Amino acid sequence: QVQLVEAGGGLVQAGGSLRLSCAASGRTFRSYTMAWFRQAPGKEREFVTAINWSGDTTHYADSVKGRFTISRDNAKNTVYLQMNSLKFEDTAVYYCAANLGPPNTVKAGLYPYWGQGTQVTVSS
């Protein structure tokens, strides 16, 4: 069992940056692939990025490549999402998720553990 709590969302102007964090409970954190998804109003939840258990393999959605960076600190049971050059279309609730599959697992239904989400709003 893994419990996830996101933090760091907020309001930012287009072109700005935000850093999200996701704190996980449980001693098995380092076993899990960690991912970020997002969901905008009226849209389906979509994959953003994921990182494998050791942090040496990542996978990104094309829409965020070169702008977003995922990282993790297994000593702190925390995964991060650094978001730069934010665009209006990045506005969404961002969710942290965990599973035991590879980081190119992009289907939300394959992630059994989820945080409550944090709102990111980018003003144009």
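Computed from a prediction, not measured in an experiment: that's the story for all the values here. Counting begins at 1 with the first residue of the sequence.
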Practice item. Could you walk me through whether Val93 and Thr118 pass side-chain contact (heavy atoms from CB on, under 4.5 Å), step by step? Key: CA-CA 5 Å; Val93 177; Thr118 185; 6.0 Å; no
About how many Å separate [atom2] of [Y] and [atom1] of [X], when rounded to the nearest 0.5 Å?
X: Tyr94; Y: Leu20; atom1: OH; atom2: CG; answer: 7.5 Å
X: Asn74; Y: Met34; atom1: CG; atom2: CE; answer: 9.5 Å
X: Arg30; Y: Ser54; atom1: CZ; atom2: OG; answer: 11.0 Å

Decide yes or no for [X] and [Y]: does some side-chain heavy atom of the first lie under 4.5 Å from some side-chain heavy atom of the second?
X: Leu100; Y: Trp53; result: no
X: Leu4; Y: Trp114; result: no
X: Arg38; Y: Ser63; result: yes
X: Val48; Y: Met83; result: no
X: Leu86; Y: Leu18; result: yes

Donor-acceptor pair, [X] side chain versus [Y] backbone, under 3.5 Å?
X: Thr78; Y: Ala23; result: no
X: Asn52; Y: Thr57; result: yes
X: Glu6; Y: Gly117; result: yes
X: Asn104; Y: His59; result: no
X: Asp73; Y: Asn77; result: no
X: Arg67; Y: Gln82; result: no

Check your understanding: Any ion pair linking Asp62 and Lys65 (charged N to carboxylate O, less than 4.0 Å)?
Key ->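 Yes, charged N to carboxylate O under 4.0 Å.
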Check your understanding: Centre of Tyr80's six-membered ring, under 6.0 Å away, within 45 degrees of the axis: is that where NZ or CZ of Arg19 sits?
Key ->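 The answer is yes, since Arg19 meets both limits relative to Tyr80.
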Practice item. Validate the cation-pi geometry between Arg72 and Phe29: distance from NZ or CZ to the six-membered ring centre under 6.0 Å, angle to the ring axis within 45°. Key: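 Geometry flag: set, cation within 6.0 Å and 45°.
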Identify the two heavy atoms, one from [X] and one from [Y], that lie closest to each other, and give their separation to 0.1 Å.
X: Ala40; Y: Ala92; result: N-CB, 3.8 Å
X: Cys96; Y: Val79; result: SG-CG1, 3.8 Å
X: Pro103; Y: Ala50; result: O-CB, 3.3 Å

Point to revise | Centroid-centroid under 6.0 Å between Phe37 and Phe47 rings | key: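 Yes.
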Hydrophobic clustering (ILVMFWY, side-chain heavy atoms < 4.5 Å, transitive) - are [Y] and [X] grouped together?
X: Tyr113; Y: Trp36; value: yes
X: Ile70; Y: Val2; value: yes
X: Tyr60; Y: Tyr111; value: no
X: Tyr95; Y: Leu81; value: no

Review point. Going by distance alone, is a donor N or O of one side chain under 3.5 Å from an acceptor N or O of the other, for Ser17 and Asn84?
Key: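 The answer is yes; a qualifying pair exists.
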Exercise for review: Scan side-chain atoms only and decide if Glu89 and Thr91 contain a donor-acceptor pair under the 3.5 Å cut-off.
Suggested key: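 Side-chain D/A pair, Glu89 to Thr91: absent.
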